[in-house]
Number of protein chains: 2
Amino acid sequence: MARSAHTAPGTAGTTPASDAGEAGSGGLRERKKRATRQALQQAAVRLFREHGPGAVTVEDICAGADVSPRTFFNYFTSKEEVLVPWDRDTIDSTSTRVLERPPEEEPLEVARAVLGEAIGTAMNGPTWRDQAVVLRHHPELIEKIVTSFRTLEASLAEGFAARLGRTTEDVYVRLLSATTITTLRVSVQSWQDSESDESLRHYLDETFERLRQGLRPNELG
Amino acid sequence: MARSAHTAPGTAGTTPASDAGEAGSGGLRERKKRATRQALQQAAVRLFREHGPGAVTVEDICAGADVSPRTFFNYFTSKEEVLVPWDRDTIDSTSTRVLERPPEEEPLEVARAVLGEAIGTAMNGPTWRDQAVVLRHHPELIEKIVTSFRTLEASLAEGFAARLGRTTEDVYVRLLSATTITTLRVSVQSWQDSESDESLRHYLDETFERLRQGLRPNELG
DNA sequence: CAGATCGGTGCAGCGACTGCAAAAATGCAA
DNA sequence: TTGCATTTTTGCAGTCGCTGCACCGATCTG
């Protein structure tokens, strides 16, 4: 979510001098918070996968994670938010990653690279596989987490605005950000639906190449 | 909504031999249903605009439309669905409109024409202006009606699949449908946000031209 | 160890949304 | 007009997502 309504126990200040690493850094509180969040997410995704999201209540999830139902909403603003594949760090770093790409690189190429990284990071998360299964079997849920796509889009737009010397309200910046995020969505979905074992990379390459050619119906498949 | 969960009093069978016109055609039932639906929508949009969507309950809306609260959900599946700018007819006809475009026309051009018609129809609706105001002041609500964009996208995809001799699962068909819907969204939003009195048509032309050029950062603005 | 801070919890409540079955409105034909 | 079938409206009761608030206990800081 863009700006969460809660005090959002997790997000206030990043740990001081935190190595961008992964180990159990930070104080005891930090670690416990991470543990709680992860427990909730894993319990939720597992239950979603087993019984279908509609049949799982927040109460069930919290029972599975061994916390109070009230606590769930200290971490997620909605039941379905546990399915969001990228975390705040990924989203925030997106705008700077756009800036760090080689200056001569074309915008489309920048987007492909940066979004490729983002989804790659997501795929390394502990719940990616289950999240993907759930979303594939219940495509309606994608609508519920569309907000997370928009925050990524916004971060991307920030990066492009800075990179191109324009504003985030600029039509070209908006169009670029919005269509490439959409392209990411299409790529992931096509990849998930495919029986073949083509890599996601393959789909990303195809879709972005199509975009680059102005969506003309030409040669390939 | 794609398939509404309800018996959906409105949608079962279109009036037999209904002229695609607009007058109060059909039997008494048909007319009353249309009236009820419109009363609900107008009351809702007006209240949303006056007090903000968060401060308006379904009960309020139904009081304004003089029907039982239960009835609201016979017509809309969620409170926010009253903000959807296109109706079922528009969505359904989209796929055939795609097929009816001149055969030599390029896909992008087809999309621009068909979506331009769709949004044009929407703008002629009695609640368009207020809907636009509400959505402009409360962009979060767009997420709530994203499903309606997806149904339009699906209809578009059907048309392109037929037109191009491919399937709706084809990556190119998906990409084409998804990105052009996104482009429509960007155009409308930019148009709404602009102070100038450029026509929506102007924004549609610019964004689709950008798309056609492979989203390259060139000359213009 | 004392006080400040912060996450976890219970509670009480609002409001969206649903299924069900009775009631009212409408359509149709005798 | 009357009777019957069909469709829409309504009330009711209930589930569940989600929130504000106030309290408690764990953690941190000095």
Side-chain angles (χ1 to χ4, degrees), chain A residues 1 4-16 24 26-40 44 47-48 51-63 65-83 140-141 144-145 147, chain B residues 1 4-16 24 26-40 44 47-48 51-63 65-83 140-141 144-145 147:
Chain A
M1 314 242 84
S4 82
H6 313 287
T7 315
T11 329
T14 22
T15 76
L28 179 55
R29 265 182 187 156
E30 302 280 338
R31 267 178 285 134
K32 280 203 167 184
K33 269 191 308 188
R34 266 198 294 271
T36 303
R37 183 186 178 86
Q38 189 171 324
L40 280 169
L47 290 172
F48 279 4
H51 309 112
V56 176
T57 71
V58 172
E59 207 177 336
D60 297 333
I61 297 172
C62 292
D66 220 51
V67 295
S68 153
R70 185 62 183 83
T71 298
F72 181 88
F73 296 102
N74 288 339
Y75 287 91
F76 303 94
T77 64
S78 82
K79 201 175 77 169
E80 295 83 2
E81 199 183 341
V82 300
L83 295 170
E140 336 88 56
L141 293 185
K144 297 279 201 151
I145 61 171
T147 304
Chain B
M1 313 240 85
S4 83
H6 313 286
T7 314
T11 331
T14 23
T15 75
L28 177 57
R29 265 181 185 155
E30 302 281 337
R31 265 179 287 133
K32 279 207 166 185
K33 269 192 308 190
R34 265 198 295 273
T36 303
R37 183 186 178 86
Q38 189 172 322
L40 281 169
L47 290 172
F48 280 4
H51 309 111
V56 176
T57 71
V58 171
E59 207 177 336
D60 298 334
I61 297 171
C62 293
D66 220 53
V67 294
S68 153
R70 185 63 183 83
T71 299
F72 181 88
F73 294 102
N74 287 341
Y75 287 91
F76 303 94
T77 65
S78 80
K79 199 175 79 170
E80 295 82 3
E81 199 183 341
V82 300
L83 295 171
E140 338 86 57
L141 292 185
K144 298 280 201 148
I145 61 171
T147 304

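Just so it is clear, the structure is predicted and the values come from calculations on it, not from any experiment. Quick note: numbers below take in every heavy atom, side chains included, and nothing from hydrogens, waters or symmetry partners. Letters A, B, ... mirror the listed sequences (proteins, then strands); counts begin at 1.
The 5' end of DNA chain D is approached more closely, in terms of each residue's nearest nucleotide, by T36(B) than by the other of L28(A) and T36(B). Between S68(A) and E80(B), the one whose closest nucleotide on DNA chain C sits nearer the 5' end is S68(A). With DNA chain D read from its 5' end, the first of the two nearest nucleotides for K32(B) and T57(A) is the one closest to K32(B).
In this structure, the side chains of L83(A) and F48(A) come closer than 4.5 Å at one or more pairs of heavy atoms. Side-chain contact between C62(B) and T71(B) is absent, with no heavy atoms from C-beta onward closer than 4.5 Å.
Not counting sequence neighbours, the partners of A39(A) by the side-chain contact (heavy atoms from CB on, under 4.5 Å) test are A65(A).
One can place CD of E81(B) at 13 Å from C1' of dC17(C), the figure rounded to the nearest angstrom. Computed from coordinates, the R31(A) CZ to dC28(D) C1' distance equals 13 Å when rounded to whole Å. Across the protein-nucleic acid pair, L40(B) atom CG and dC17(C) atom P stand 14 Å apart, rounded to whole Å. For D66(B) and dA25(C), the CG to P distance is 14 Å, given to the nearest whole Å. Per the geometry, CD belonging to E30(A) stands 15 Å off C1' belonging to dA26(D), to the nearest Å. Rounded to whole Å, atom C1' of dG10(C) lies 18 Å from atom CZ of F72(A). For R34(B) and dT8(D), the CZ to P distance is 13 Å, given to the nearest whole Å. The interatomic distance linking E59(B) (CD) with dC17(C) (P) rounds to 14 Å, in whole Å.
You won't find any donor-acceptor pair under 3.5 Å spanning the side chain of R70(A) and the base of dG7(C), going by distance alone.
Atom-to-atom distance recorded for K32(B):NZ and R29(B):CZ is 10.5 Å, nearest 0.5 angstrom. Going from atom OG1 of T36(B) over to atom CZ of F72(B) covers 13.0 Å, rounded to the nearest 0.5 Å.
Distances shorter than 4.0 Å separate none of the side-chain N or O atoms of Y75(B) from OP1 or OP2 on dT8(D).
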> Passes side chain to side chain donor-acceptor pair (under 3.5 Å), D60(A) versus T57(A)? Steps please.
Replying inline: CA-CA 5 Å; D60(A) 297 333; T57(A) 71; 3.2 Å; yes

For nucleotides 2-6 of chain D, print each protein N/O atom paired with a nucleotide N/O atom at under 3.5 Å, atom names and distance only.
unit_1, atom_1, unit_2, atom_2, d
dT6(D), O2, R29(B), NH2, 2.8

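Nearest to the side chain of N74(A), among dA25(C), dT9(C), dT9(D), sits dT9(C). Picking from dC17(C), dT9(C), dC18(D) the nucleotide with the shortest atom distance to the side chain of V67(A) gives dT9(C). Nearest to the side-chain atoms of K33(B) among the listed nucleotides dC17(C), dT8(D), dT10(D) stands dT8(D).
For the pairing with K144(B), the side-chain contact (heavy atoms from CB on, under 4.5 Å) check across K79(B), E81(B), E80(B) returns one residue only, E80(B).
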